[in-house]
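Quick notes on the structure that follows.
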Amino acid sequence: MANIISRIKARGRPSRRSSRASVDGIIGTNVVGWALDTRDPRNKIMVEAFSSAGESARTLADSFRKDLLDAGIGDGYHGFQISVAGWRGDLSTISVRRADTGEILGRGPLPVLRPTAQDDAASSRWIGYVDYVDESAVVGWALDRELPNLPVAIEVCTETGLRTTGLADIYRQDVERLGYGNGRHGFHIELPRLGQRSRITVNFASSGVSLTEQPIDVHPEAALLTGRVPSAFRRAMERAAFEIDARSKELNGSRTGA
């Protein structure tokens, strides 16, 4: 997080309530900023971005920012980055509040910040793919090109702010054939119990870089439409389709002969 917005000077003014915060602006499709609980700085705040169209997304303000530490703001672990990819309308009109109290931390219009060359380099450094998602797990692969033989931590975030982390260390022959390190970059991360209609984001835990351009819908219909279904399930469907087709031809042949 610090490398993404280190150029932004730590700022923010004490709130009339219990927070000190700054919503720095929008970088790409992410709302970035920081938030501190002035009554208990060790308590990390759950922050929520929301739009006039009723869209919302949450995350915990617990990412490290060196500018905050240098400015004497808590322990520096108060940064946040909320993905708003796929939201409708003008992103600059998004506002941010504390999820627990509803206290407004930043209100639109938010400044749209230009990514630095360092940000672009970070995006090309972290690569991967989400193969499929169902109600119980997310599967794919991920790699840090600067450390191609070491596993990376992957974080799955839900719309309600729940987080699940797993290590991309499963051997994938297809990934090794692509020339990516030793091939031990696959991940299979169990998901918490979600509602019938939920969306998740899949990110590199250390950098916050997302593996997908937009949040992923987690429900059976979406899995079928996107093709992100388990390969075993896909093979079973193909086999069933083949058997149905063969049986249909047999029946048509018998009717013709009769």
Practice item. Please determine if Arg65 and Asp75 form a salt bridge, counting it only when a charged side-chain N lies under 4.0 Å from a carboxylate O. Key: no
Point to revise | Single-linkage hydrophobic cluster, 4.5 Å side-chain cutoff, Leu191 and Val130 together | key: yes
Study note, to complete from the structure: d(Ile189 CD1, Thr165 OG1) to nearest 0.5 Å is 7.5 Å
Practice item. Under the side-chain hydrogen bond (donor to acceptor under 3.5 Å, both in side chains) rule, collect the residues that match up with Asp174, sequence neighbours excluded. Key: Arg172
N/O donor-acceptor pairs under 3.5 Å from side chains in residues 146-155, not counting sequence neighbours:
from   : atom 1 : to     : atom 2 : distance (Å)
Glu146 : OE1    : Arg125 : NH1    : 3.4
Asn149 : OD1    : Asn182 : N      : 3.0
Glu155 : OE2    : Arg163 : NH1    : 3.3

Practice item. Name all residues meeting the salt bridge (Lys or Arg N to Asp or Glu O under 4.0 Å) criterion together with Arg42; count only those two or more places apart in sequence or in a different chain, and write none if there are none. Key: Asp40
Point to revise | Approximate separation, where rounding is to 0.5 Å, of Leu143 CG and His185 NE2 | key: 4.5 Å
Review point. Ile170: which other cluster members, linking ILVMFWY side chains closer than 4.5 Å, directly or transitively?
Key: none
Check your understanding: Which atoms form the tightest heavy-atom contact between Ile45 and Ser19, and what is the distance?
Key -> CD1-OG, 4.1 Å
Point to revise | Residues that Phe204 engages under ring pair (Phe, Tyr, Trp, His ring centres under 6.0 Å), provided they are two or more places apart | key: Trp126
Practice item. Under the side chain to side chain contact (heavy atoms under 4.5 Å, CB included) rule, collect the residues that match up with Glu176, sequence neighbours excluded. Key: Tyr171
**Study point:** Which residues share a salt bridge (Lys or Arg N to Asp or Glu O under 4.0 Å) with Glu48, sequence neighbours left out
**Key:** Arg58, Arg97
**Study point:** side chain to side chain contact (heavy atoms under 4.5 Å, CB included) partners for Ser95, two or more places apart
**Key:** Phe50, Arg107
Point to revise | All side chain to side chain contact (heavy atoms under 4.5 Å, CB included) counterparts of Asp70, not counting sequence neighbours | key: Lys66
Check your understanding: Would you call Arg98-Asp100 a salt bridge at under 4.0 Å N-O?
Key -> yes
Exercise for review: Mind listing the closest non-hydrogen atom pair of Asn30 and Ser83 along with its distance?
Suggested key: OD1-CA, 3.3 Å
